[in-house]
Enquirer: 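One structure follows; several queries about it will come next.
Each chain gets a letter, A, B and so on, in the order its sequence line appears, and its residues count up from 1.
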2 protein chains.
Amino acid sequence: MTRPDPRQRMIQSAALLMREHGVEATSFSAVIEHSGAPRGSIYHHFPNGKAELVEAATRYAGDVIAAGLVAALGRSDPVAALHGFTNAWRATLADSDFAAGCPVVAATLEGDRSPAARDAAGGAFDRWETLLADAIAAHAVTPERARSLATLVVAAIEGAVIVARAQRSTDPLDRVAGELELLLSGTIDPAAGGSH
Amino acid sequence: MTRPDPRQRMIQSAALLMREHGVEATSFSAVIEHSGAPRGSIYHHFPNGKAELVEAATRYAGDVIAAGLVAALGRSDPVAALHGFTNAWRATLADSDFAAGCPVVAATLEGDRSPAARDAAGGAFDRWETLLADAIAAHAVTPERARSLATLVVAAIEGAVIVARAQRSTDPLDRVAGELELLLSGTIDPAAGGSH
DNA sequence: GTCTATACGAAGATAGAC
DNA sequence: GTCTATCTTCGTATAGAC
């Protein structure tokens, strides 16, 4: 358990701050303070400045969530994995008093000044969709249908997290999760695809 | 067709700028320039400064979309109304080169410094959900189910718009719209509720 | 209601020492 | 790799004249 290098800590801190306060409000000062990284080395680690940090943080967040998806889909069927994911979001919302959202969404919304970060966000969404779509397609669903179901799941959960933050309640997420699980369990064939 | 007063023009401009650049990047200078409103009267019209402007813009955007929902649901069934709405979003995305999103979402994400705006966003989401839920419940669906379907629709569309912006493509929105229409048309009873 | 001028702070970024 | 100092720009907000 070696301590991660400053660069990595800054990236993690940036992702955490972005998901709570947005990209614009995630200043270098805030990242320095949160990560405990040395002040003087920002432009050593990120020569292109903030745009580079934001892009790296977006990519990092995308990777973390993708890894979670891979793990969840590897040990259970899509419906159970979805259930676990919405549970994790519930915990994140409650633990942060509804301040924390998704860093990838933050990068998308303020992406007009960081095209690279926005593209990284688009790539992250695509990877999540593909992971989900492949898992769904393994259960006797056509690839096209699996893809549109996967997009719906990703979009609906991201949207539900936003509504939940605005209303300071997990109820919207609960309702969305219920509908998604109902739809998914009614569409896929539980018998197929089971390598579990 | 009288020209709206400066205050109203500033509110509209703020909403337009917020949906493209976010709350933080919507500066007074930008609002002044976009609206053509007089510089010196900002704090005359908005004594509480930017927080007040952002709250007003969020409320305004919520009202505009709610009015659109009322109109669409008044002249057609929920499925057709949904179709019209996603079409409108497609146009907004394409016309803005995928820069424009939803001002209410923007207010939610950067709502840690404008609690009033965030609350207005939560209220807007709730009204949209209620409008949709009532319309769905009129078609032989239980109120609880109608509510969760309505939340899913709102969340999924907002999420799809975000994914579409990140990927600079309307495809995600197309897939989500297709799934939502399929789900909705398969759940509601077209014969019921028809005052059309 | 609208103007100009200005105070004040914070942000991103650069330069040069160590 | 990390430090400090500094430049520049831009933001919100206020004061006081018209």
Enquirer: Let me know the distance between CD of A:Glu52 and C1' of C:dA13, rounded to the nearest Å.
Expert: 14 Å

Enquirer: Take atom CD1 of A:Ile42 and atom C1' of C:dA11, then tell me their distance rounded to the nearest Å.
Expert: 11 Å

Enquirer: If you define the side chain from C-beta out and look only at heavy atoms, does anything of B:Glu20 sit under 4.5 Å from A:Asp112?
Expert: no

Enquirer: Among B:Thr151, B:Thr187, B:Leu149, which one satisfies side-chain contact (heavy atoms from CB on, under 4.5 Å) with A:Glu179?
Expert: B:Leu149

Enquirer: Please report the distance, rounded to the nearest Å, between CZ in A:Phe46 and P in C:dG12.
Expert: 13 Å

Enquirer: Between A:Ile32 (CD1) and C:dG12 (P), how many Å, whole number?
Expert: 11 Å

Enquirer: With a 4.0 Å limit, can you tell me whether B:His45 has a side-chain N or O closer than that to the phosphate oxygens OP1/OP2 of C:dT2?
Expert: yes

Enquirer: With a 4.0 Å limit, can you tell me whether A:Ser41 has a side-chain N or O closer than that to the phosphate oxygens OP1/OP2 of D:dG1?
Expert: no

Enquirer: B:Lys50 has a side chain; which of D:dC3, D:dT12, C:dG12 sits nearest to it?
Expert: D:dT12

Enquirer: Can you check whether A:Ser27 has a side-chain N or O nearer than 4.0 Å to OP1 or OP2 of C:dA10?
Expert: no

Enquirer: Closest approach to the side chain of B:Arg39, judged atom by atom: which nucleotide of C:dG12, C:dC3, D:dC3 is it?
Expert: C:dC3

Enquirer: Name the residue closer to the 5' end of DNA chain C, choosing between B:Gly40 and A:Tyr43 according to the nucleotide with the nearest heavy atom.
Expert: B:Gly40

Enquirer: Please compare A:Thr26 and B:His44 by the position of their nearest nucleotide in DNA chain C and report the one closer to 5'.
Expert: B:His44

Enquirer: To the nearest Å, how far apart are B:Leu53 CG and D:dG11 C1'?
Expert: 14 Å

Enquirer: Give a yes or no answer on whether the side chain of A:Trp128 reaches the backbone of A:Gly62 with a donor-acceptor pair at less than 3.5 Å.
Expert: yes

Enquirer: Rounded to whole Å, please give me the gap between CZ in A:Phe28 and P in D:dT2.
Expert: 15 Å

Enquirer: Under a 3.5 Å threshold, yes or no: a donor from one side chain and an acceptor from the other, between B:His21 and A:Glu110?
Expert: no

Enquirer: Against B:Ile157, only a single residue in B:Ile162, B:Leu152, B:Leu180 fulfils side-chain contact (heavy atoms from CB on, under 4.5 Å); can you say which?
Expert: B:Leu180

Enquirer: Atom CD of B:Glu24 to atom C1' of C:dG12: distance rounded to whole Å?
Expert: 14 Å

Enquirer: If I take atom CG in residue A:Asp5 and atom P in nucleotide D:dG1, what distance separates them, rounded to the nearest angstrom?
Expert: 9 Å

